[in-house]
Amino acid sequence: MGIRARIDLAALRGNFAVLRRAAPGSHAFAVVKADAYGHGALRVAKSLSGVADGFAVARLGEAMELRDGGIERPILLLEGVSGDDELVVALAAGLDLVVHEPGQIAMFRRLAAGGAHHPPPIVWLKADTGMNRLGFRPEAVLEARSQLLACGVALQDLRLMTHLARADEPGVDTTKAQLARLTSIVTAWQHQAGSRPVVSIGNSAGALLWPAGQGDWIRPGIALYGVAPSAERGSAESGLTPVMTLSTEVIALREVPRGETVGYGGAWQAARDSKIAILAAGYADGLPRHLPSGAPVAFRTGRAPLAGRVSMDMIAVDVTDLPAVAVGERAVLWGEGLPVEEVAGWAGTIAYELLCAVAPRVPREYVG
Ligand SMILES: Cc1ncc(COP(=O)(O)O)c(C=O)c1O
């Protein structure tokens, strides 16, 4: 059966419930961009459609996949639209739009000048409170608000959002500073508008670790998939369960005499007579090529270390110390029994990158 990613939808819903309990006063956009971090956006969205208040994606194509697939809840376009044509499509699809820079306000003005009727959208004005990536600087937010209100396009609601740069690090002051800037913006907005805006703040880390960093709408991604958003608080401690288990099959077993090498570049040398299992998983499936020798793979009888370079379709694993590994046996690359965070640590990256990189050729099997 080769490599496959089993996606546990019951675990996904359990993780959503953890977030709900952590932020009981907030609505929640489930973040399903990048094909739901490799888990399959439409399947994930359908599984959460009875519980999540909305979904968030980065790009218009991702939003349309959900709408065309029958998702009727709010869908937030986190980067907003990138052209006049996209704006027309997004409005027709009833998407919630982020506006993070003046060019997007100009798109609204041109649309109004065209005179056509469009369903009034919910617009989320993005404030850059310290991330320095997207958004209006605090002192420019109210002017952007005025311009949007004057652009000639009717809005269903104009809301406020920001994104936290270091919410996964409970010890640093950056988040407090970002929240203080946001509070000042809200106060000034209230002064100008006469009422407080609906606000969206926290990603997974914000929602789980910073009660003041939740806001009216949280936007969790990684925690939905069972990964703890902070290295300082593990997933089990957070009550999260891995959703994806990437596993594959032993396709060959070899006896490698002491002194011989395994794989491309002879990068691993047998320090003793060794038993090597060849597994059907490679960088074309999404395993990082730079995953080093020693990285763990979980077999039925225990863990064993990667031996030599990851090739396109295969890896070699030193199973000398494991009893009775057999051809056809399955082994876990990450997921149940081997947290993806741990493998990411070996690869010098983060769980997000590993999950998103699982290749389209890997079959997803949905359970729960
Ligand atoms: C604006 C925004 N909100 C929310 C999220 C979800 O973040 P996380 O997966 O850390 O919960 C992201 C992800 O990168 C994002 O860019």
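Read the numbers this way: they start at 1 and go in the same order the structure lists the ligands and their atoms.
Within the structure, the closest approach of Tyr352 to ligand 1 falls below 4.0 Å when heavy atoms are considered. At least one heavy atom of Pro220 sits less than 4.0 Å from an atom of ligand 1.
Note on Glu260 versus Arg254: no salt bridge recorded, every NZ/NE/NH1/NH2 to OD/OE distance being 4.0 Å or above. Between Asp285 and Arg361, at least one side-chain N (NZ, or NE/NH1/NH2) sits under 4.0 Å from a carboxylate O, which counts as a salt bridge.
At the top of the distance list for atom 16 (O) of ligand 1, counting protein heavy atoms only, stands Arg133 NH2, 3.4 Å. Looking only at protein heavy atoms, the nearest one to atom 13 (C) of ligand 1 is Lys33 NZ, 2.9 Å. Among protein heavy atoms, atom 7 (O) of ligand 1 sits closest to Asn203 CB, 3.4 Å. At the top of the distance list for atom 4 (C) of ligand 1, counting protein heavy atoms only, stands Arg219 O, 3.3 Å. At the shortest separation from atom 9 (O) of ligand 1 among protein heavy atoms lies Tyr37 OH, 2.5 Å. If you check which protein heavy atom lies closest to atom 2 (C) of ligand 1, you get His163 CE1, 3.3 Å.
In summary, the side chains of Arg219 and His163 do present a donor paired with an acceptor at a separation below 3.5 Å, with no hydrogens or angles considered.
Here atom 11 (O) of ligand 1 lies nearest to Ser204 when heavy atoms of Ala56, Ala30, Ser204, Gly202 are compared.
Using a 4.5 Å heavy-atom threshold, the side chains of Arg166 and Gln178 count as separate. Counting heavy atoms from C-beta on, the side chains of Leu12 and Tyr366 never come closer than 4.5 Å.
Within the 3.5 Å criterion, the main-chain N or O of Ala167 finds a donor-acceptor partner in the side chain of Trp210.
For residues 14-41, the side-chain hydrogen bond (donor to acceptor under 3.5 Å, both in side chains) pairs, not counting sequence neighbours, are Arg20-Asp53.
Under 4.0 Å from ligand 1, not a single heavy atom of His100 appears.
Ligand-side atoms of ligand 1 in range of Ile222: 8 (P), 9 (O), 10 (O), 11 (O), range being under 4.0 angstrom from any heavy atom.
Under the rule for a side chain to side chain donor-acceptor pair (under 3.5 Å), Arg67 has no partner lying at least two apart in sequence or in another chain.
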